[in-house]
Structure formats: structure tokens, C-alpha cells
Amino acid sequence: MLNAKISGIASFVPEFKLTNDDLSKMVDTNDEWITTRVGIKERRILKEPEAGSSYMGIKAVAQLLEETGTKAEDVDLLLCATSNPDYRFPSTASVIIHGCELKNCYGYDIQAACAGFIVALQTANAYIKSGLYKKVIVVTAEKMSSMTDYQDRNTCPLFGDAAAAVLIEPTEENIGIIDGVYHVNGEGLPFLLMKAGGSAEPASHETVEARHHYVYQEGRNVYKHAVTDMVESSKDIMKRNNLTVNDIDWFVPHQANLRIIEAVGGRIGIPEDKVLVNIQHYGNTSAASIPLCLDEYKNKLKKGDKVVLTAFGAGFTWGAMYIVWGI
Ligand SMILES: CC(C)(COP(=O)(O)OP(=O)(O)OC[C@H]1O[C@@H](n2cnc3c(N)ncnc32)[C@H](O)[C@@H]1OP(=O)(O)O)[C@@H](O)C(=O)NCCC(=O)NCCS
């Protein structure tokens, strides 16, 4: 039976660093509050004029092609997970496909908020296993600064910009994407959303004045669900695959808040040194956070390592995946 494995990974972050001290000059906050409540020290911000998420996605995909020695014309499918598309239409996937000259490639966007990477990976897995496509790129590109309100101290420390991409290919070895559990319940809508700009509340002077084109979040509620749901889905995937905490080499949770990461790892009982964390440097980069973290630690990961990923995002949408590292 064919398996789908991650055969390459790359990422891109903008140069500009927005520190906690910078934020304390913009809103009523300070480094101590942000560090203890969220664990973030700095985040990257894309400053290039008129550059959207695709700018970073193109950089990440170009790097991926170079590192894996993949010819642009050989890529069959590109899935772009983003909550910050360049445009409402066309898809950001189409902009990236054009920008990277993927001439024989089909593609589309996937909207699953911060769970976008694991959702897109599962879609790529299905295409590879079916035999339909042989070289699939999952790219996550999130210009979170485009929807962050830098007058709102409750949300502006949390987010950063980044892109990351993985190449997925078939293998007959018993490695790659082994299993995934996914949930969407729709109950999270009032607690985490961008209220305007969609068809429910199209853009108008009033929506701009009401600051409805930024992330709206009721943090405590989201926090509670994020912890419970990532713990439950991680336990579920471990049980289904007969994995104990000792069997797992690496645990990679969505990077939204260091306290959430520690609470999830602690409740499952995973030793801290197996939990991959890079939120302090980048903040919450939404769908990009898991592959950005995997890319940062890729020299530690060895072929055959057992890895559990878990993510939680707006919707609510959440789940966990079990993969055996294949690079
Ligand atoms: C957002 C979050 C960090 C807030 O932390 P919290 O401990 O829940 O803090 P609260 O929202 O209860 O606010 C506590 C106080 O700090 C204040 N505060 C909020 N942001 C602040 C900031 N940047 N600096 C200083 N004070 C701040 C609040 O105004 C509140 O003050 P009050 O008690 O006088 O009203 C936390 O709820 C969180 O991480 N939620 C989940 C976010 C998440 O994961 N989102 C993405 C999911 S994909």
C-alpha cells in the first residue's frame, strides 16, 4: 500500500522583528505581561509594500523546490492553507503557482484557520494514497499582521507573519502520514473570527469604523477549548495507534500560547524535551506555526521518528496527526 511522506520542508519569515518593547510603545502593555501570559518575545512582520501572504508562500515554495531538487514542472498539486489570502478571490494557491512557475500544477486554498496545516496535510495524504498525484506541495502562508489590530492589547501581542511549505510524495515504506483525527463543530464562531469583509458583513465605512476587519477573540474561552480539545485529540490518536508517551519522539502542538503548549504537554504527560517550541521568536503564525516549528528543528528529527502534531483553531476546528518522519 502507498503511504504519503513529507520528503522536504522549508520556511520563510520576514526580516523585521516586532519586540514586546516595541508593542509597549503602541498599546498599554509590557514585556513582563506578554512573556508570562503568552511566552512570546518577538514576532516577524512583513513590511514589503503591497505584498500579501503569497509573497512569503512563494519564497517558502522556491526554497522547498531548491532544497529537494524538485523541478517546478513536476509538481502536480499545491494546497495553500491560509486565513490571510491575498484576495477574497482568486485563490492564493493560484498566485503562488504562477509566482513559482509550477506549469503543470493544479491547486486551491484551504481555510481551516490555525488547524490549516494538519487539515491540508490530510487532504494531500488522500490524494497521494489514491494514486492521483505524485508530488504535492502543502504551503501555509499567513500575513497575520494584515488582520491584527495594533490598537488592541488583547490580541496584538499574539500574532506574527510566516510561511512554510512541505513536499509530500508516495512511498512504499511504512513511514509518512499514518493517521489523523479531525473535528469541526461550528460552536466557536462567536469567540474567534473576523466579523466583516465576508458575505455576512461586507466591507463598508461602518465596518471599518467599528474595527471589524481585525481578529476578534474572546481569549479565555478559546484558551479553555484549545487545551481540552488538543489534549483529547492527541490522546485519541495515540490510543488508536497504540502509542504511549514513551513511544513518541516529538510532539508538535500549534504555537498559540506557551501556557497552552505546556498545559497540553503536561496533561498528556509528554516530557518537556520532546515538545517542540519556537513561539517565543515568531508568535502565533496560524496555519504556518507547525511546519515553521518542524523546519526549525529538522536537524534533530531523524528518519523513522514518531511525531504527533496537534492543532486548534477558529470554527472551532481541531485535531491531531501521527506521522513517521521520512526525511
Ligand atoms: C489572549 C490570552 C493570552 C489572554 O490571557 P488571559 O490570561 O486569558 O488574560 P485575560 O484575557 O483574562 O485578561 C487579563 C487581564 O489582562 C489584561 N490584558 C490583556 N492583554 C494585555 C496586554 N497585552 N498587556 C497587559 N494587560 C493585558 C486584560 O485587559 C485583563 O485585565 P482586567 O482583568 O483588568 O480586565 C489568553 O486568553 C489566550 O492565550 N487565549 C487563547 C488564544 C489562542 O490560542 N488563540 C488562537 C487559537 S488558534
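Between the side chains of Thr35 and Lys41, at least one donor-acceptor pair of N or O atoms lies under 3.5 Å.
Crowding of Glu15 atom CD: a count of heavy atoms from other residues, nucleotides or ligands under 6.0 Å not exceeding 12. Summarising the local packing, NZ of Lys129 is surrounded by more than 12 heavy atoms from other residues, nucleotides or ligands at distances under 6.0 Å. Tyr87 OH: 12 or fewer foreign heavy atoms inside a 6.0 Å radius.
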Considering only distance and modelled atom types, tabulate donor-acceptor pairs under 3.5 Å from the side chains of residues 44-53, sequence neighbours left out.
from  : atom 1 : to     : atom 2 : distance (Å)
Arg44 : NH1    : Pro14  : O      : 2.8
Ser53 : OG     : Asn84  : O      : 2.6
Ser53 : OG     : Lys143 : N      : 3.0

Enumerate, atom names and distances included, each donor-acceptor pair closer than 3.5 Å involving a side-chain atom of residues 261-277, sequence neighbours excluded.
from   : atom 1 : to     : atom 2 : distance (Å)
Lys274 : NZ     : Val245 : O      : 3.2
Lys274 : NZ     : Ile248 : O      : 2.8

Distance-only donor-acceptor pairs under 3.5 Å for side chains of residues 108-123, two or more places apart:
from   : atom 1 : to     : atom 2 : distance (Å)
Tyr108 : OH     : Tyr127 : OH     : 3.1
Asp109 : OD1    : Thr92  : N      : 3.2
Asp109 : OD1    : Ala93  : N      : 2.8
Asp109 : OD2    : Thr92  : N      : 2.9
Gln111 : OE1    : Ser83  : OG     : 3.4
Gln111 : OE1    : Ala113 : N      : 2.6
Gln122 : OE1    : Asn125 : ND2    : 3.4
Thr123 : OG1    : Val119 : O      : 3.0

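How far CG of Asn30 is from OG of Ser24: 7.0 Å, rounded to the nearest 0.5 Å. Summarising the geometry, atom CD1 belonging to Ile323 is positioned 12.0 Å from atom CG belonging to Asn3; distances are rounded to the nearest 0.5 Å. Rounding to the nearest 0.5 angstrom, the gap separating the CZ atom in Phe316 from the CG atom in Leu189 is 9.5 Å. Note: Ile6 CD1 to Thr171 OG1 = 13.0 Å, rounded to the nearest 0.5 Å. Considering OG1 of Thr310 and CE of Met238, their distance stands at 11.5 Å, rounded to 0.5 Å. Between atom NZ of residue Lys5 and atom CD1 of residue Ile128 there is a gap of 11.0 Å, rounded to the nearest 0.5 Å.
Side-chain atoms of Ser54 do not come within 3.5 Å of backbone N or O of Gly57 as any donor-acceptor pair. Of the possible donor and acceptor atoms, one in the side chain of Arg88 sits under 3.5 Å from a partner among the backbone N and O of Gly197. For the pair Arg153 (side chain) and Val27 (backbone), a donor-acceptor distance under 3.5 Å is absent. Side-chain N or O atoms of Asp161 include one that pairs as donor or acceptor with a backbone N or O of Met144 at under 3.5 Å. Side chain of Gln255 to main chain of Ser289: no donor-acceptor pair is present (N/O by atom type, distance under 3.5 Å, no hydrogens or angles). The main-chain N or O of Glu32 is found under 3.5 Å from a side-chain atom of Thr36 such that the two form a donor-acceptor pair. When atom types are taken as modelled, the side chain of Thr207 and the backbone of Ala203 share no donor-acceptor pair closer than 3.5 angstrom. Judged by distance alone, with hydrogens and angles left aside, the side-chain atoms of Asn257 form a donor-acceptor pair with the main-chain N or O of Arg37 at under 3.5 Å. With hydrogens and angles ignored, the 3.5 Å screen pairs a side-chain donor or acceptor of Asp76 with a backbone N or O of Lys134.
Taking all atoms of both residues into account, the shortest heavy-atom contact from Cys80 to Ile96 is SG-CD1, 4.0 Å.
Evaluation of the side-chain contact (heavy atoms from CB on, under 4.5 Å) rule for Ala226 yields Met230, Ile260, Phe312 as partners, not counting sequence neighbours. Remark: Lys298 engages Glu67, Asp295 in a salt bridge (charged side-chain N to carboxylate O under 4.0 Å, His left out) (not counting sequence neighbours).
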Could you please spell out the steps behind the side chain to side chain donor-acceptor pair (under 3.5 Å) verdict for Asp236 and Ser233?
CA-CA 5 Å; Asp236 211 11; Ser233 49; over 6 Å; no

Assess whether side-chain contact (heavy atoms from CB on, under 4.5 Å) is satisfied between Ser286 and Asn284, documenting all intermediate values.
CA-CA 5 Å; Ser286 192; Asn284 180 349; 4.3 Å; yes

Could you go through Asp305 and Trp250, starting from their C-alpha distance and side-chain angles, then the distance that decides it, and tell me whether this counts as side-chain contact (heavy atoms from CB on, under 4.5 Å)?
CA-CA 8 Å; Asp305 278 359; Trp250 306 108; 2.9 Å; yes

Could you walk me through whether His225 and Trp318 pass the side-chain contact (heavy atoms from CB on, under 4.5 Å) check?
CA-CA 10 Å; His225 284 278; Trp318 74 96; over 6 Å; no

Applying side-chain contact (heavy atoms from CB on, under 4.5 Å), run through Arg43 and Leu23 and close with a yes or a no.
CA-CA 11 Å; Arg43 57 296 284 147; Leu23 282 172; 3.6 Å; yes

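Between Glu101 and Lys103, at least one side-chain N (NZ, or NE/NH1/NH2) sits under 4.0 Å from a carboxylate O, which counts as a salt bridge. Using a 4.0 Å cut-off between charged side-chain N and carboxylate O, Asp149 and Arg211 make a salt bridge. Of the charged side-chain nitrogens involved, none lies within less than 4.0 Å of a carboxylate oxygen, so that Asp247 and Lys306 do not count as a salt-bridged pair.
Two different hydrophobic clusters hold Leu167 and Val252 under the rule that ILVMFWY side chains link at heavy-atom gaps under 4.5 Å. Hydrophobic cluster membership differs between Leu193 and Val184, with clusters built from Ile, Leu, Val, Met, Phe, Trp and Tyr side chains linked at under 4.5 angstrom. The same ILVMFWY cluster, assembled from side-chain heavy atoms under 4.5 Å apart, contains both Ile40 and Leu18. Cluster annotation: Leu192 and Val38 are assigned to the same hydrophobic cluster (Ile/Leu/Val/Met/Phe/Trp/Tyr, side-chain heavy-atom contacts under 4.5 Å, transitive). Both Ile290 and Val166 belong to a single network of hydrophobic side chains, linked directly or stepwise wherever heavy atoms of I, L, V, M, F, W or Y lie under 4.5 Å apart.
Within the hydrophobic cluster formed by Ile, Leu, Val, Met, Phe, Trp and Tyr side chains joined at under 4.5 Å, directly or through other members, Val13 is accompanied by Tyr282, Leu292.
The side-chain heavy atoms of Thr70 and Val75, taken from C-beta on, include a pair separated by under 4.5 Å. Contact of the Glu296 side chain with the His281 side chain is registered, since non-hydrogen atoms from C-beta on lie closer than 4.5 Å.
Of the residues listed (Thr285, Asn278, Ile279), the one engaging Cys293 in a side chain to side chain contact (heavy atoms under 4.5 Å, CB included) is Asn278, and it is the only one.
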